[in-house]
Undergrad: 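Sharing a structure, written as structure tokens. Questions coming.
Lettering of chains follows the sequences in order, A, B, ..., and the numbering in each one begins at 1.
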Amino acid sequence: MSDETSATLSNFITDIIDEHLENGRFDHVHTRFPPEPNGYLHIGHAKSICLNFGTAQQYGGLTNLRFDDTNPTKEEVEYVESIKADVKWLGFDWDDRLYFASDYFGVLYEYAIQLIKQGNAFVCDLSAEELRQYRGTLTEPGKNSPYRDRSVEENLDLFKRMKAGEFADGSRTLRAKIDMSSPNLNMRDPVMYRILHEEHHRTGDEWCIYPMYDYAHCVSDSQEHITHSICTLEFEDHRPLYDWYLDQLGIFHSQQIEFARLNLTYTVMSKRKLLQLVKEGTVSGWDDPRMPTLSGMRRRGYTPEAIRTFAETIGVSKANSVVDVELLEHVLRDDLNNRARRVMAVVEPLKVIIDNYPENGEEFFDVAYFPYDRENSPTRPVPFSKEIYIERSDFMEEPVKKFYRLAPGQEVRLMNAYYITCTGVVKDADGEVVELHCTYDPESKGGMSPDGRKVRGTMHWVSARHALDAELRLYDYLLTKADPYDIPEGGDFTDNINPDSLQVLTGAKLEPSLKDAKVLEPFQFMRQGFFCADYDSKEGALVFNRTISLVDTWAKMQK
RNA sequence: UGGGGCAUGGUGCAAUGGCAGCACAGCGGACUUUGAAUCCGUUGAUCCAGGUUCGAAUCCUGGUGCCCCGGCCA
């Protein structure tokens, strides 16, 4: 088997492509991913990236990365850098085909002049407010602009002067001359250029007029000979305009195809709202591990493979839908399960003293990192001694039915070490359990007794003397409701923010081998979940993120 | 009758006139030195009404429901 990312996928988009290939409209496939650099990429963009790069790959074609940077008031270099890093991290390569819509400002301008000369565009002096009134409504046609019939010469002169900076922002626009009575509002003489005396992150102050999306996007696609321009559903109404520009200009005609964007339960997916969370300090930044951004998910411990598998699993269609976040979690666990080394870490420690173990005794067990494949697994030494920590939740003084873990008089197995039996419970003045006394069976070394007696409970542990202290960051959904927009009267989505989405545990105890854990390297803390060291982690001040907990059947049974 | 689009188990996606299937979730069991993973089994769906056809999720007609569109944003 080759490990090529994808089997052949079939969906409504490949159906269209197949048709184009058969009828000769195109003889190859070339797509593009066109982010606007006004925010960080999120899991919804990942769907689009995988779709664009994946589809082209499937047909032996190429994919360009093109920044849609036609609005200097919102766009920043910080965003273009983060976007490039995220696309690469996801595992896709645009080679030398990195483009910007701003690369085409020159040709866009020349084509605009052509359109003016053809009588397809005119300079309009209506204000934004007037323009809105002239546009009409959903059910009533609009009215022609009083400037619609200017001569070609006058339009040319005015447009050049717009470019030359002679007019104030908002005072004039260049508009396509189409049909003010079209039932499609996008065709009612849409604005092509607006005046914006604004510094652009790439072109500086070279321009003070900027093209609108509809005009810039189709021409950009055409310039790059993009065969299939894949975008989201809300642009379906724009397709006639997309086609109109290309037809009037008589240039290479890309085919726009629309698909339904990703929605996830318990997740807000709009860049505007994510920006709001960052600005209001609800999260620590775009890369906060609770964010659905690629940078946040990366920091959280997601792998690119998991995200790609997810994109493949959810498929693509034109039906609005909401994917259950549990599916994302499933592919994450599945991926991590196959790659994470198993180690022991106690999240909420409870001290255990093994009374019959030698006072200063110490021994090291050679433990496989991959217990399901011991023969081929690398190992590390794990120290054991008289005092250890176990998980607080692994002890119950009065065990409920089917509780197989530690309880007074009950015997359990310490993973890879010994069987122990609880013989005593020490409490503080408040009745809180602070310490346990146990005895161990020396015969059970390694975790099996010669008599073969059954021990139901198997627990992880860490030698107290050798333990590493660490801070653990446990994450929950950022929102309390599956539908972020299930909002109380008069509120907004921030009313649904989960106040407990971040839980910081400072007293965790880790096995010593974790001292050398590399940032973002995935581990499974056995019986707890998958964790990775955070960017903040330093020697002597370790910090681990819980990427995702293990499935917890026991917890479900307790409900 | 503004225009455009979409309806298949709880969720997402297949089936392109021929036995409605896959994944997740759920439920039951086996196994287990992770109450994980794995394995086995299982509940559950074609928006409605007509029509065409030997046969309709698929084609036709008429409904219903949901989404998008009135930025000089993308």
Undergrad: Return the pairing partner of B:A56 with a 3.5 Å limit on both distances, Watson-Crick or G-U wobble; otherwise return none.
TA: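 Paired with no nucleotide.
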Undergrad: Distance check, C1' atoms only: B:A56 and B:G18, in whole angstrom units.
TA: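 Comparing C1' positions in B:A56 and B:G18 gives a spacing of 10 Å.
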Undergrad: Counting only side-chain heavy atoms from C-beta out, which of B:U34, B:C13, B:C72 sits nearest to A:Ser321?
TA: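 Selected nucleotide: B:C13.
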Undergrad: Can you check whether A:Trp554 stacks with the B:G35 base, using ring centres under 5.5 Å and planes within 30°?
TA: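 Yes, A:Trp554 stacks on the base of B:G35.
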Undergrad: Who does B:A23 pair with, Watson-Crick or G-U, both distances under 3.5 Å?
TA: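 Looking at the geometry, B:A23 pairs with B:U11.
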Undergrad: With both distances under 3.5 Å as the test, what is the Watson-Crick or G-U wobble partner of B:G2?
TA: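 Base partner found: B:C69.
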Undergrad: Give A:Leu126 one of three labels, base, sugar-phosphate or nothing, depending on what nucleic acid heavy atoms sit under 4.0 Å from its own.
TA: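 A:Leu126: base contact, heavy atoms under 4.0 Å.
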Undergrad: Angle class for the A:Tyr440/A:Tyr418 ring planes (parallel below 30°, perpendicular above 60°, tilted otherwise)?
TA: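 Because their plane-to-plane angle is over 60°, the rings of A:Tyr440 and A:Tyr418 count as perpendicular.
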Undergrad: Answer with yes or no after comparing the ring centroid distance for A:Phe105 and A:His200 against a 6.0 Å cut-off, counting only values under it.
TA: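 Between A:Phe105 and A:His200, the centre distance is under 6.0 Å.
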Undergrad: Is the closest side-chain donor-acceptor distance between A:Gln524 and A:Tyr369 under 3.5 Å?
TA: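 The criterion, which ignores hydrogens and geometry beyond distance, is not satisfied for A:Tyr369 and A:Gln524.
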Undergrad: Suppose you measure atom C1' in B:G9 against the same atom in B:C27; what distance do you get, rounded to whole Å?
TA: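 After rounding to an integer number of Å, I get 15 Å for this pair.
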Undergrad: Mind calculating the distance between CZ (A:Phe531) and P (B:U34) to the nearest angstrom?
TA: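 Whole-Å distance recorded here is 18 Å.
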Undergrad: Base, sugar-phosphate alone, or nothing: which one does A:Ala319 contact when heavy atoms must sit under 4.0 Å apart?
TA: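 Sugar-phosphate contact only - A:Ala319 comes under 4.0 Å of backbone atoms but never of a base.
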Undergrad: Over all strands shown, is A:Asn337 touching base, sugar-phosphate only, or nothing at heavy-atom distances under 4.0 angstrom?
TA: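 Contact class for A:Asn337: sugar-phosphate only.
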Undergrad: Remember a base hit wins even if backbone is also touched, and classify A:His217 as base, sugar-phosphate or nothing at under 4.0 Å, heavy atoms.
TA: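 Nothing, no heavy atom under 4.0 Å.
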Undergrad: Between B:G17 and B:U52, how far is it from one C1' atom to the other, in whole Å?
TA: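 Comparing C1' positions in B:G17 and B:U52 gives a spacing of 11 Å.
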Undergrad: Taking the side chain as everything from C-beta on, heavy atoms only, tell me whether A:Val331 gets closer than 4.5 Å to A:Thr313.
TA: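 Yes, close enough: below the 4.5 Å cut-off.
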Undergrad: Reckon A:Arg135 touches a base, only the sugar-phosphate, or nothing at all at heavy-atom distances under 4.0 Å?
TA: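 Contact class for A:Arg135: sugar-phosphate only.
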Undergrad: State whether A:Thr265 places a side-chain N or O below 4.0 Å from either non-bridging phosphate oxygen (OP1 or OP2) of B:U11.
TA: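 So the side chain of A:Thr265 is outside the cut-off, no N or O lying under 4.0 Å from OP1 or OP2 of B:U11.
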Undergrad: Any donor-acceptor pair under 3.5 Å linking the side-chain atoms of A:Glu224 with those of A:Tyr104?
TA: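 Short answer, yes.
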Undergrad: On the 0 to 90° scale, with breaks at 30° and 60°, tag the A:His45-A:Phe33 ring pair as parallel, tilted or perpendicular.
TA: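 If you compare the ring of A:His45 with that of A:Phe33, the planes turn out perpendicular.
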Undergrad: Between A:Arg405 and A:Val323, which residue's closest nucleotide on RNA chain B lies nearer the 5′ terminus?
TA: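 The residue whose closest nucleotide sits nearer the 5' end is A:Val323.
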Undergrad: Give me the distance, rounded to whole Å, that separates B:G29 from B:A36 when you measure between the P atoms they each carry.
TA: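 After rounding to an integer number of Å, I get 13 Å for this pair.
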Undergrad: Please determine, by modelled atom types, if A:His201 and A:Glu76 share a side-chain donor-acceptor pair under 3.5 angstrom.
TA: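 On atom types as modelled, these side chains do not qualify, holding no pair under 3.5 Å.
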Undergrad: Under a 3.5 Å limit for both distances, which nucleotide forms a Watson-Crick or G-U wobble pair with B:C31, could you say?
TA: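 Answer to the pairing question: none, since B:C31 forms no Watson-Crick or G-U pair.
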Undergrad: So, does the side chain of A:Gln524 form a donor-acceptor pair with the base of B:U34 at under 3.5 Å?
TA: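 Answer is yes: a donor-acceptor pair is held.
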Undergrad: Please compare A:Lys47 and A:Ile195 by the position of their nearest nucleotide in RNA chain B and report the one closer to 5'.
TA: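 In this pair, the answer is A:Lys47.
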Undergrad: Taking atom C1' in both B:C22 and B:U8, compute the distance separating them and give it to the nearest angstrom.
TA: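 To the nearest whole Å, 13 Å.
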Undergrad: Regarding A:Val316, tell me which of base, sugar-phosphate or nothing describes its non-hydrogen contacts under 4.0 Å with the strands shown.
TA: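 Here A:Val316 touches the backbone only, sparing every base.
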Undergrad: Measure from the ring centre of A:Tyr404 to the centre of the six-membered ring in the base of B:G35, then say whether that distance is under 5.5 Å and the planes meet at under 30°.
TA: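 One would call A:Tyr404 stacked on the B:G35 base.
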Undergrad: With a non-hydrogen cut-off below 4.0 angstrom, is A:Thr553 in contact with a base, only sugar-phosphate, or nothing?
TA: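 Answer is sugar-phosphate: A:Thr553 comes under 4.0 Å of backbone atoms only.
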Undergrad: Going by purine N1 to pyrimidine N3 plus the second Watson-Crick contact, or the G-U wobble pair, all under 3.5 Å, which nucleotide sits opposite B:C47?
TA: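 Paired with B:G63.
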Undergrad: Base, sugar-phosphate, or nothing for A:Phe403, non-hydrogen atoms under 4.0 angstrom?
TA: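 Here A:Phe403 touches the bases of the nucleic acid.
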Undergrad: In whole Å, what separates the C1' atom of B:A7 from that of B:A57?
TA: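 Straight-line distance between the two C1' atoms is 11 Å.
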Undergrad: Taking B:C13 as the reference, what is the distance to B:G70 when you measure between their P atoms (whole Å, please)?
TA: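 B:G70 and B:C13 have their P atoms separated by 25 Å.
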Undergrad: Provide the distance between the two C1' atoms, one in B:C67 and one in B:C72, to the nearest whole Å.
TA: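 Rounded to whole Å, the distance is 27 Å.
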Undergrad: Mind checking A:Lys556 for me? I need base, sugar-phosphate or nothing, with any heavy atom below 4.0 Å counting as a touch.
TA: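 It contacts sugar-phosphate atoms only.
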Undergrad: Under 4.0 Å, heavy atoms only, any strand: does A:Val322 hit a base, just the sugar-phosphate, or nothing?
TA: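 Contact class for A:Val322: sugar-phosphate only.
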